[in-house]
Amino acid sequence: MVLKFPSFEELGSLAQLAFDGVHDPAEMPFGVPWTDASPEDRARGTMQWQWGRWAALSADEWHLPFVVIEDGVVVGTQEVHAEKYAVRREVHTGSWLGLAHQGRGIGTQMRAAVLHLAFAELGAEWATTTAFEDNAASNGVTRRLGYEFDGCEISERRGKPARQYRYRLSRTRWEQQERIPVEVTGVEACRPLLGALEA
């Protein structure tokens with residue numbers, strides 16, 4: 001599995017995944033219901049989101065929306081982002097997979113990869129994430145990777161209240177766990193732009 005900034009061709013494949021669908025329309029796993037849009041708007045919005053994050057990247061706030069490639073096929077996206085990282089040393093993650101690629105453990109592997117990037121390469125002290133209480137897949141991945149429950153909040157989802165769980169993973173807890181092997185290339189030149197030090 002490879003996580004990278006996408007080429008234009010790979011971004012087109014990611015947009016096609018969004019066009020084809022990310023979840024059952026009866027459900028809504030995301031805080032922002034971007035998947036309620038038409039297939040065409042989902043595809044266009046996916047590309048615009050990626051381009052916007054590239055253009056806005058700075059040490060003050062950054063988003064790294066990686067495309068996830070398994071055996072040469074684009075299967076989804078895994079993002080890691082931070083605000084005031086040089087001070088807070090904290091990252092947050094979010095992701096989605098195309099429907100055809102769900103339920104095979106890919107979500108756990110791609111999250112584990114960006115956690116390695118954050119802790120081992122960028123010197124993070126904390127990683128956080130959130131999931132709606134009825135999003136069994138996301139909650140399952142989070143717990144498998146050792147995050148600890150950090151409270152809950154009520155969010156608005158499709159015009160109705162919905163409970164969201166918060167999770168937090170410390171560097172110490174991450175270091176104590178068995179982890180998958182990850183190889184990272186090209187990060188050295190990026191550290192100053194992200195407000196990161198040597199890990």
query = So which pairs with a foot in residues 138-176 pass ring-ring contact (aromatic ring centres under 6.0 Å, His included), sequence neighbours left out?
reply = Phe119-Trp174, Phe149-Tyr165
Just how far is it from atom [atom1] of [X] to atom [atom2] of [Y], taken to the nearest 0.5 Å?
| X | Y | atom1 | atom2 | value |
| --- | --- | --- | --- | --- |
| Leu193 | Leu57 | CG | CG | 5.0 Å |
| Arg143 | Glu148 | CZ | CD | 12.5 Å |
| Thr142 | Arg166 | OG1 | CZ | 14.0 Å |
| Thr185 | Lys4 | OG1 | NZ | 10.5 Å |

Identify, with sequence neighbours excluded, every residue that meets ring-ring contact (aromatic ring centres under 6.0 Å, His included) alongside [X].
| X | value |
| --- | --- |
| Trp62 | Tyr85 |
| Phe66 | Phe5 |
| His81 | His63, His92 |

Quick one: are [X] and [Y] in side-chain contact, heavy atoms under 4.5 Å?
| X | Y | result |
| --- | --- | --- |
| His101 | Leu17 | yes |
| Pro65 | Trp54 | yes |
| Leu64 | Leu194 | yes |

remark   = Those residues at least two apart in sequence (or on a different chain) that pass salt bridge (charged side-chain N to carboxylate O under 4.0 Å, His left out) with Glu9 are none
ask   = Does a salt bridge link Glu121 with Arg191, judged by any charged N lying under 4.0 Å from a carboxylate O?
value =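 Yes.
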ask   = Among pairs that include at least one residue of residues 125-141, which meet salt bridge (Lys or Arg N to Asp or Glu O under 4.0 Å), considering only residues two or more places apart or in two chains?
value = Glu125-Arg171, Glu133-Arg163, Asp134-Arg157
message = Please tell me whether Val80 and Val182 are part of a single hydrophobic cluster in this structure, the criterion being side-chain heavy atoms less than 4.5 Å apart.
response =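 Val80 clusters together with Val182.
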message = Under the criterion salt bridge (Lys or Arg N to Asp or Glu O under 4.0 Å), I'd like the reasoning laid out for Arg104 against Glu70: C-alpha separation, chi angles, the key distance, then a yes or no.
response = CA-CA 11 Å; Arg104 298 193 285 112; Glu70 184 191 44; 3.1 Å; yes
